[in-house]
Amino acid sequence: MRRVFHAATGLTLAFFFFWMGKEKGAVLVGSLFAFTVLVEILRLQFAGLNRVLVGLVGPMLKEAEVRHPTGVGYFLGGVLICLLLFQRE
């Protein structure tokens with residue numbers, strides 16, 4: 001299930017970049033990145049919120065991600081850096 005999620009996320013972001021262009025794509029990814037980081041911080045600070053979110057996406061999480069940040073923020077941060085540093089060719 002995790003592999004399908006990762007593949008679908010990457011393909012969806014690639015589609016939006018080609019459809020929206022680099023600038024709008026960077027705004028989209030930057031917004032998703034900021035939202036993800038905020039949710040991760042809140043989730044790790046409030047046990048009740050963590051329980052709710054883990055209940056929603058639990059099957060896709062690694063055991064360590066229940067009490068630590070997930071890889072989504074790192075992934076989106078890397079995509080954002082690539083968008084800002086490299087030209088589309």
Side-chain angles (χ1 to χ4, degrees):
M1 187 65 153
R2 285 176 59 86
R3 289 182 184 177
V4 172
F5 173 76
H6 289 128
T9 302
L11 290 172
T12 301
L13 287 175
F15 170 77
F16 279 119
F17 298 147
F18 287 111
W19 181 59
M20 297 172 73
K22 181 179 177 177
E23 292 79 21
K24 290 181 182 176
V27 170
L28 172 68
V29 173
S31 299
L32 289 171
F33 175 70
F35 178 75
T36 299
V37 170
L38 177 64
V39 169
E40 288 285 337
I41 290 169
L42 293 173
R43 177 182 74 87
L44 296 172
Q45 292 295 315
F46 299 101
L49 179 60
N50 191 32
R51 279 191 298 276
V52 169
L53 293 176
V54 168
L56 291 173
V57 295
M60 291 191 301
L61 293 177
K62 292 180 180 177
E63 188 174 323
E65 291 176 329
V66 172
R67 290 190 168 83
H68 299 285
T70 64
V72 176
Y74 298 106
F75 173 73
L76 291 173
V79 170
L80 182 60
I81 289 169
C82 289
L83 277 172
L84 296 175
L85 293 181
F86 299 105
Q87 295 296 320
R88 178 182 162 196
E89 290 182 12

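One-based numbering along the sequence shown. No experiment lies behind these values; they were computed from the predicted model shown.
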Does [X] use its side chain to pair, donor to acceptor, with the backbone of [Y] at less than 3.5 Å?
X: Arg67; Y: Leu44; result: no
X: Arg43; Y: Val66; result: yes
X: Lys22; Y: Phe86; result: yes

*List for me each residue that meets side-chain hydrogen bond (donor to acceptor under 3.5 Å, both in side chains) alongside Thr70, sequence neighbours excluded, and say none if there are none.*
Glu40
*Applying side chain to side chain contact (heavy atoms under 4.5 Å, CB included), run through Val79 and Phe17 and close with a yes or a no.*
CA-CA 11 Å; Val79 170; Phe17 298 147; 3.6 Å; yes
*List the atom of Met60, the atom of Glu65, and the distance in Å for their closest heavy-atom pair.*
O-OE1, 4.3 Å
*Over all atoms of both residues, closest heavy-atom pair of Leu84 and Ala26*: CD2-CB, 4.3 Å
Can you give the donor-acceptor pairs under 3.5 Å from side chains of residues 7-16 to other protein atoms, not counting sequence neighbours?
| residue | atom | partner | partner atom | Å |
| --- | --- | --- | --- | --- |
| Thr9 | OG1 | Phe5 | O | 2.8 |
| Thr12 | OG1 | Ala8 | O | 2.7 |

Determine whether [X] and [Y] fall in the same hydrophobic cluster, where Ile, Leu, Val, Met, Phe, Trp and Tyr are linked whenever their side-chain heavy atoms lie under 4.5 Å apart.
X: Leu56; Y: Leu42; result: yes
X: Val4; Y: Phe75; result: no
X: Leu83; Y: Tyr74; result: no
X: Leu38; Y: Val27; result: no

*Hey, what do you get for CG (Leu76) to CD1 (Ile81), rounding to the nearest 0.5 Å?*
11.0 Å
